[in-house]
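What's counted below: heavy atoms across the whole structure, side chains too, no hydrogens, waters or symmetry copies. Residue numbers start from 1 in every chain, and the chains themselves are labelled A, B, ... in the order their sequence lines are given, proteins ahead of strands.
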Protein chains: 2
Amino acid sequence: MAMHKYEKISVPVIRRLPRYYRFLGELLAKGVTRISSRQLSDKMGFTASQIRQDLNCFGEFGQQGYGYSVESLYNEIGHILGLDHSYKTILIGAGNLGKAVAVHMSFEKRGFQLIGIFDNDSQKIGSTVRDIVVTDLDDLETFCGKNKVDAAIFCVPKSAAQKIAGRLYNLGVRNYWNFSHYDLTVDYDDVIVENVHLNDSLMVLCYRMTKEYEET
Amino acid sequence: MAMHKYEKISVPVIRRLPRYYRFLGELLAKGVTRISSRQLSDKMGFTASQIRQDLNCFGEFGQQGYGYSVESLYNEIGHILGLDHSYKTILIGAGNLGKAVAVHMSFEKRGFQLIGIFDNDSQKIGSTVRDIVVTDLDDLETFCGKNKVDAAIFCVPKSAAQKIAGRLYNLGVRNYWNFSHYDLTVDYDDVIVENVHLNDSLMVLCYRMTKEYEET
DNA sequence: TCCATATTGTTAATTTTTTGTCAAATCAGT
DNA sequence: ACTGATTTGACAAAAAATTAACAATATGGA
């Protein structure tokens, strides 16, 4: 039923989906059962028109004169995002950032399952993070031989990222969530990289603060 | 000299600035002294036209027939971003994520200076992160009375964020870098919030992985 | 059942963003 | 100093994204 129109969905629309999902989740938790695009628009700061247009990329989830059922829209968007998958995922780097990511993300609710953590620091190897034992990075090949790994999370220094990406590519891993302060670029077009640049976000904050002061 | 045109700069342009800064930093580190928009375009995956247009929002930094001086363009963009400031900043929350942020970000190079860390967990209070002693969150008012705080970083649970934001607003803090899985919304329009939603990024990765599989 | 109200899905208009083009300017070699 | 190759900055064109408008349809109460 959800197989509606499959023209390519634009990047801005895709980036708004998790936001819809988040707000609908909050409404659901509050026990709200129905909502109109107008009400959502007030809450989220998008226009009602945009919300309707975004949703219509994927199907017709609302009902004229009524609006949307919070629960079923929440589920639909979750499904569109693919959160009902359970992609097997490993984490590379068990430093502060790696641990924070491992502990804070509820991977299971986001379509992923964390099945291994690797580091090359002998101090960390053998320790436990979120019930997973940190393994020597040298054992990556062995591990990937035994387990089908769908995605890898990079919480390693910039200098190490590209090399490890190469190893993982050879092991069949094609999807990367990258925190390494470095734009992972891979020549193969079957690879998906989601780069997270916390520094960029911080610099944007700096820009906005600076401009604010200049204007006043 | 940099006071060129101050029509409002669009959000997409602003979000690309840190990226330029990053790539130019890498070129600088490699000892490259000059670069053309075309060469940058090959490296970064934007069109040359876009790069020139973006830069021209702020001034004329290039020279016809030559291109741009890597070093001076790097410095100009750093200045545009406001990285030569030193905004006094506090971190709220010294858990895994807070520690990771404190340790990984070179605030000094990004226009900020970390001057305090707060938590309400007695286990953490008194411990040291990056040479800063973690202080009781109850002492926030005292601290802000003694120190002018420009910005605050939120690494606290969703449930705590909004309340702490209110306290900080009353203490005169107007700028927030928010990791709390919650869109901080403040009614006052002198407030700047940069929300970081790691979950959103993860969900986008999930979407892209899912679509990839569907298409093939 | 009927009517006034609400709200969607869709198409059209508008706005914003990106890309293409080119004259003017600089550079490098002779 | 002259010439051909580059490359910018500016403007024009194209593409993309957002907003507006509205017919079609459902709701809820009389």
Kindly list each side-chain donor-acceptor pair under 3.5 angstrom involving residues 11-19 of chain B, sequence neighbours excluded, with atom names and distances?
residue: B:Arg15; atom: NH2; partner: B:Glu194; partner atom: OE2; Å: 2.3
residue: B:Arg16; atom: NE; partner: B:Asp54; partner atom: OD2; Å: 2.6
residue: B:Arg16; atom: NH2; partner: B:Asp54; partner atom: OD1; Å: 3.1
residue: B:Arg16; atom: NH2; partner: B:Asp54; partner atom: OD2; Å: 3.3
residue: B:Arg19; atom: NH1; partner: A:Asp183; partner atom: OD2; Å: 3.0
residue: B:Arg19; atom: NH2; partner: B:Met44; partner atom: O; Å: 3.4

Ignoring backbone atoms, test whether [X] places a side-chain nitrogen or oxygen under 4.0 Å from the OP1 or OP2 oxygen of [N].
| X | N | answer |
| --- | --- | --- |
| B:Asn56 | D:dT8 | no |
| B:Arg52 | D:dT8 | yes |
| A:Thr47 | D:dT18 | no |

Rounded to the nearest angstrom, tell me the gap between atom [atom1] in [X] and atom [atom2] in [N].
| X | N | atom1 | atom2 | answer |
| --- | --- | --- | --- | --- |
| B:Leu55 | D:dA10 | CG | P | 12 Å |
| B:Leu73 | D:dT8 | CG | P | 11 Å |
| B:Ile14 | C:dT17 | CD1 | P | 10 Å |
| B:Ile9 | C:dT16 | CD1 | C1' | 14 Å |
| B:Leu40 | D:dT7 | CG | P | 12 Å |
| B:Phe46 | C:dT17 | CZ | P | 15 Å |
| A:Ile51 | D:dA20 | CD1 | C1' | 15 Å |
| A:Gln50 | C:dT8 | CD | P | 15 Å |

Subject >> Within residues 181-204 of chain A or reaching into it, pairs that qualify as ring pair (Phe, Tyr, Trp, His ring centres under 6.0 Å) - sequence neighbours excluded >> reply: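 Output for this query lists A:Tyr169-A:Tyr188.
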
**OP:** Scan for ring pair (Phe, Tyr, Trp, His ring centres under 6.0 Å) pairs involving residues 90-116 of chain A, sequence neighbours excluded, and state none if there are none.
**Re:**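 Checked against ring pair (Phe, Tyr, Trp, His ring centres under 6.0 Å) - neighbours excluded - the pairs reaching residues 90-116 of chain A are A:Tyr87-A:Phe112.
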
Subject >> Verdict with supporting geometry, A:Phe58 and A:Ile9, side chain to side chain contact (heavy atoms under 4.5 Å, CB included) >> reply: CA-CA 9 Å; A:Phe58 303 98; A:Ile9 307 296; 3.8 Å; yes

Subject >> Under 3.5 Å: donor-acceptor pair, side chain of B:Arg34, backbone of B:Tyr66 >> reply: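 Yes.
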
Original post:
Using a heavy-atom distance cut-off of less than 4.0 Å, which residues of residues 15-39 of chain B contact DNA chain D?
Top reply: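 The stretch gives B:Ser36, B:Ser37 as the residues lying under 4.0 Å from the strand, ordered by number.
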
Original post:
Hey, can you pull the residues of residues 62-72 of chain B with a non-hydrogen atom under 4.0 angstrom from DNA chain D?
Top reply: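 Here the set is B:Gly62, B:Gln63, B:Gln64, B:Gly65, B:Tyr66, B:Gly67, B:Tyr68.
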
[X]: side-chain hydrogen bond (donor to acceptor under 3.5 Å, both in side chains) partners, not counting sequence neighbours:
| X | value |
| --- | --- |
| A:Ser69 | A:Ser72 |
| A:Tyr68 | none |
| B:Ser180 | B:Asn178 |
| A:Glu71 | none |

**OP:** Would you please name every residue forming a salt bridge (Lys or Arg N to Asp or Glu O under 4.0 Å) with B:Asp84, sequence neighbours left out?
**Re:**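 B:Asp84 satisfies salt bridge (Lys or Arg N to Asp or Glu O under 4.0 Å) with no other residue.
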
Subject >> A:Glu108: salt bridge (Lys or Arg N to Asp or Glu O under 4.0 Å) partners, not counting sequence neighbours >> reply: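 Applying salt bridge (Lys or Arg N to Asp or Glu O under 4.0 Å) to A:Glu108 gives A:Arg130.
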
Would you tabulate the nitrogen or oxygen pairs shorter than 3.5 Å linking the protein to nucleotides 11-13 of chain C?
residue: C:dT11; atom: O4; partner: A:Gln53; partner atom: OE1; Å: 3.2

